[in-house]
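As structure tokens, the structure follows; a few thoughts come after it.
Reckoned from all heavy atoms, side chains included, excluding hydrogens, waters and symmetry mates. Per chain, numbering begins at 1; letters A, B, ... match sequence-line order.
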Amino acid sequence: MLKIYNTLSKQKEEFKPINPPNVNMYVCGPTVYDYFHIGNARSFISSDIIRRYLEYMGYKVKFVMNLTDVDDKIIKKSNEEKIDSKIIAEKYINAFFEDVEKLKMKKADIYPKATEHMDDIIEMIKELEQKGFAYNVDGNVFYDVGKFKEYGKLSGKKIDELESGSRVEVNVEKKNPLDFALWKKAKEGEPYWESPWGNGRPGWHIECSAMSCKHLGVPPNGGIDIHAGGNDLIFPHHENEIAQSEAANGKKFVNYWIHFGFLNLDNEKMSKSLGNFFTARDVLKKYSAEAIRLLFAQTNYGGPLNFSDELLSSAEKGLEKINNLAQKIEDEIKTNSKESINPDFDFQKYENEFTRVMDDDFNTPQGVAVIFDFVKEVNRTISENENINVKFYKNAKSFLEKTAEGILGILDFDNLSKTSDGKLEGDLIEFLIQLRTDAKKEKNYTLADKIRSELNKLGVVLEDSKEKTTYKITRTKNQAAN
RNA sequence: GGCGCUGUAGCCAAGUGGUUUAAGGCGAAGGUCUGCAAAACCUUUAUUCGUCGGUUCGAAUCCGACCGGCGCCUCCA
């Protein structure tokens with residue numbers, strides 16, 4: 001039984017989809033004015049793992065991630081660089097997809113863009129206006145927070161306390177300082193769309209309400225089971241989404257709210273505005289996607305994670321342990337023709353344990369621990385038994401495929417170091433290994449060691465076992481890290 | 001000021017009333033194997049969970065106080 005910590009109730013709740021086996025999931029995507037940073041990546045990857053686990057459980061997940069392609073920041077950048085805002089958005093949308101792929105994230109079913117949903121957005125604002133939740137002041141339309149009784153239920157904030165806070169911006173047009181823009185009147189030189197209130201563009205919060213409602217529907221026929229995003233979106237963004245959607249639709253907006261902790265740098269939130277960030281693509285130049293994902297999976301998604309090179313390096317080291325076994329398994333499956341023993345090994349036990357811990361609010365740190373336990377136990381079995389048949393290796397592969405590869409995305413059987421190389425390269429290495437084996441037979445260790453060390457310099461590591469010598473290519477990313 | 005998160009070994013981190021005198025990873029030390037390495041395996045590395053009290057037969061886990069770190073309340077994953 002899966003339990004999810006729900007920000008709304010501040011406790012773990014049993015997960016019950018609205019229309020099983022379907023699960024509708026909406027994740028707040030990027031505003032495409034720049035490359036996303038590794039802190040953003042944490043949210044994306046965490047939601048990717050959640051999605052993959054739900055699919056593993058047998059749910060049919062419809063996964064929607066929005067792309068905010070009209071926004072103050074994009075306009076600002078457009079003005080600074082004297083480039084059309086459309087071009088800016090397009091550039092970073094492409095970059096976003098490149099990075100998502102490199103991070104081994106499954107693609108969303110739909111990536112709705114704000115600019116392609118103007119009709120839906122305008123419809124929703126009209127609806128809010130008709131129902132008395134919105135008011136128009138000279139072409140700017142605001143949401144009347146005072147009209148929505150449950151305002152603050154997600155973030156635990158109270159309207160009167162917020163009002164007394166001096167940090168809320170003062171805007172004379174608003175009835176209440178907490179009221180937020182649904183529609184912003186166009187200023188000179190800004191992109192705009194036509195609307196019943198004049199030319200303008202949508203406020204930030206309305207696009208998510210309109211697009212999630214459009215693509216995932218409203219109960220009982222549709223609806224959002226899970227809505228996820230970073231902690232900083234709880235207020236005001238998600239609070240406002242609830243206010244808009246529930247006022248317009250008259251139905252509960254989202255059943256489970258999931259929020260991700262921040263990635264910190266020297267104990268300080270990584271953010272664009274503070275300037276203390278690394279873009280995901282820069283981190284990927286130095287470390288593998290699997291290492292990044294492992295690092296994230298080793299901490300609960302909701303808490304903070306202090307990001308550093310040291311942690312990423314140790315994740316990369318830990319990954320080697322899994323990759324070494326995966327490589328061994330692949331080699332055995334290809335070449336093993338032994339008829340002999342199939343050792344006692346309870347594969348099911350590990351899978352049961354894995355799902356047991358993941359069922360507890362996606363406890364990936366414990367899931368990772370189960371995988372490492374498994375790797376150790378398989379290695380031990382291999383070292384204690386002389387003749388293990390191929391069935392054992394196939395079972396081991398199956399477990400790793402489901403968990404490490406399929407759910408956590410920290411392993412990629414199709415892309416293990418050796419298999420990714422060209423045929424000629426592999427043949428040449430095999431030839432050198434043969435040469436070295438001959439040298440060893442003649443006890444010419446000087447030559448044998450020279451072959452090994454020279455190959456090592458090229459990133460090819462030789463490993464002698466009793467029967468044969470195997471090799472692996474160390475990842476170039478590892479070398480860059482050293 | 002309000003709301004929320006957080007303080008566990010050299011580092012990262014799970015666990016949130018008894019199965020735990022605390023998972024897992026990195027690091028360190030010793031050993032097995034090996035011509036030597038590497039990999040792998042074995043052993044060791046927190047009698048202790050920010051501090052002080054309390055509740056309980058029993059607490060890292062519940063309650064209170066205190067100390068420290070972070071975040072949101074304004075765009076932000």
**Q.** Contacting residues from residues 270-277 of chain A, given that a heavy atom lies under 4.0 angstrom of RNA chain B
**A.**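 Those residues are A:Met270, A:Ser271, A:Ser273.
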
Q) For RNA chain B, what residues of residues 35-43 of chain A have any heavy atom nearer than 4.0 Å? A)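 Per residue number, the list reads A:His37, A:Gly39, A:Asn40, A:Ser43.
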
Taking the same atom, [atom1], in [N] and in [M], what whole-Å distance lies between them?
N: B:C26; M: B:C41; atom1: P; value: 10 Å
N: B:C72; M: B:G30; atom1: C1'; value: 50 Å
N: B:C62; M: B:G7; atom1: P; value: 11 Å
N: B:U32; M: B:A37; atom1: C1'; value: 15 Å
N: B:A23; M: B:A65; atom1: C1'; value: 32 Å
N: B:U21; M: B:A28; atom1: C1'; value: 24 Å
N: B:U51; M: B:U61; atom1: P; value: 11 Å

Value in whole Å for how far the [atom2] atom of [N] lies from [atom1] of [X]:
X: A:Gln327; N: B:A40; atom1: CD; atom2: P; result: 13 Å
X: A:His237; N: B:C73; atom1: NE2; atom2: C1'; result: 16 Å
X: A:Phe260; N: B:C70; atom1: CZ; atom2: P; result: 24 Å
X: A:Leu8; N: B:C3; atom1: CG; atom2: C1'; result: 15 Å
X: A:Trp257; N: B:G4; atom1: CH2; atom2: C1'; result: 17 Å

Could you check which nucleotide pairs with [N] in any of the strands shown, counting Watson-Crick or G-U wobble with both distances under 3.5 Å?
N: B:A14; value: none
N: B:C62; value: B:G54
N: B:A46; value: none
N: B:C5; value: B:G69
N: B:A40; value: B:U32

Q: Report yes or no: is the ring centroid of A:Phe262 under 5.5 Å from the six-membered base ring centroid of B:G71, with the two planes under 30 degrees?
A: no

Q: Using side chain to side chain donor-acceptor pair (under 3.5 Å) as the criterion, point out the one residue from A:Thr403, A:Thr355, A:Asp359, A:Asp48 that pairs with A:Tyr53.
A: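 Answer after filtering A:Thr403, A:Thr355, A:Asp359, A:Asp48: A:Asp359.
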
**Q.** Distance test, side-chain N/O of A:Arg380 to OP1/OP2 of B:C42, below 4.0 Å
**A.**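 Yes, A:Arg380 has a side-chain N/O under 4.0 Å of OP1/OP2 on B:C42.
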
Q) Do the side-chain N or O atoms of A:Asn231 get closer than 4.0 angstrom to the phosphate oxygens (OP1, OP2) of B:G71? A)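 For A:Asn231, the contact criterion (side-chain N or O under 4.0 Å from OP1 or OP2 of B:G71) is not met.
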
Q) Of all residues at least two apart in sequence or in a different chain, which pass the salt bridge (charged side-chain N to carboxylate O under 4.0 Å, His left out) check with A:Glu353? A)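 Applying salt bridge (charged side-chain N to carboxylate O under 4.0 Å, His left out) to A:Glu353 gives A:Arg356.
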
Q.
Checking A:Asp225 now: which residues fulfil salt bridge (charged side-chain N to carboxylate O under 4.0 Å, His left out) with it, not counting sequence neighbours?
A.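 Checked A:Asp225 against salt bridge (charged side-chain N to carboxylate O under 4.0 Å, His left out); zero matches.
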
Q) Listed by chain and number, what are the side-chain hydrogen bond (donor to acceptor under 3.5 Å, both in side chains) partners of A:Asn6, not counting sequence neighbours? A)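 Partners of A:Asn6 by the side-chain hydrogen bond (donor to acceptor under 3.5 Å, both in side chains) criterion, ordered by chain and then number, come out as A:Glu13.
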
Indicate, with a heavy-atom threshold strictly under 4.0 Å, whether [X] touches base, sugar-phosphate, or nothing.
X: A:Gly302; result: nothing
X: A:Leu263; result: base
X: A:Arg436; result: base
X: A:Ile382; result: nothing
X: A:Lys440; result: base
X: A:Glu268; result: sugar-phosphate

Q.
Restricting to ring pair (Phe, Tyr, Trp, His ring centres under 6.0 Å), what partner residues turn up for A:Tyr301, sequence neighbours left out?
A. A:Phe260

**Q.** Partners meeting ring pair (Phe, Tyr, Trp, His ring centres under 6.0 Å) with A:Tyr393 (sequence neighbours left out)
**A.**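 A:Tyr393: no ring pair (Phe, Tyr, Trp, His ring centres under 6.0 Å) contacts found.
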
Sequence neighbours excluded, which residues qualify as side chain to side chain contact (heavy atoms under 4.5 Å, CB included) partners of [X]?
X: A:Asp309; answer: A:Lys286, A:Tyr287
X: A:Glu14; answer: A:Met1, A:Lys16
X: A:Ala369; answer: none

Q) What does nucleotides 13-29 of chain B look like as a protein-contact string, B for base, S for sugar-phosphate only, - for none, at under 4.0 angstrom between heavy atoms? A) SSS-------BSSSS--

Q: Would you mind telling me which of A:Lys184, A:Lys77, A:Glu190 makes a side chain to side chain contact (heavy atoms under 4.5 Å, CB included) with A:Asp72?
A: A:Lys184

Q: Using the salt bridge (charged side-chain N to carboxylate O under 4.0 Å, His left out) rule, collect all pairs that involve residues 227-239 of chain A, keeping only residues at least two apart or in two chains.
A: A:Asp232-A:Lys269

Q) What distance do A:Gln366 atom CD and A:Asp361 atom CG have between them, rounded to the nearest 0.5 Å? A) 11.5 Å

Q. With respect to the side chain of A:Arg452, which nucleotide from B:G69, B:C36, B:C73 is positioned closest?
A. B:C36

Q) Can you find a donor-acceptor pair, distance only, under 3.5 Å between A:Asp449 side chain and B:G35 base? A)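 Counting by modelled atom types and ignoring angles, a donor-acceptor contact under 3.5 Å is found here.
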
(Q) Taking atom types as they are modelled, would you say the side chain of A:Asp464 forms a donor-acceptor pair with the base of B:C36 within the 3.5 Å cutoff? (A) yes

Q | Ring center gap for A:Phe142 and A:Phe180 short of 6.0 angstrom | A |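 Aromatic pair excluded; centres sit 6.0 Å or further apart.
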
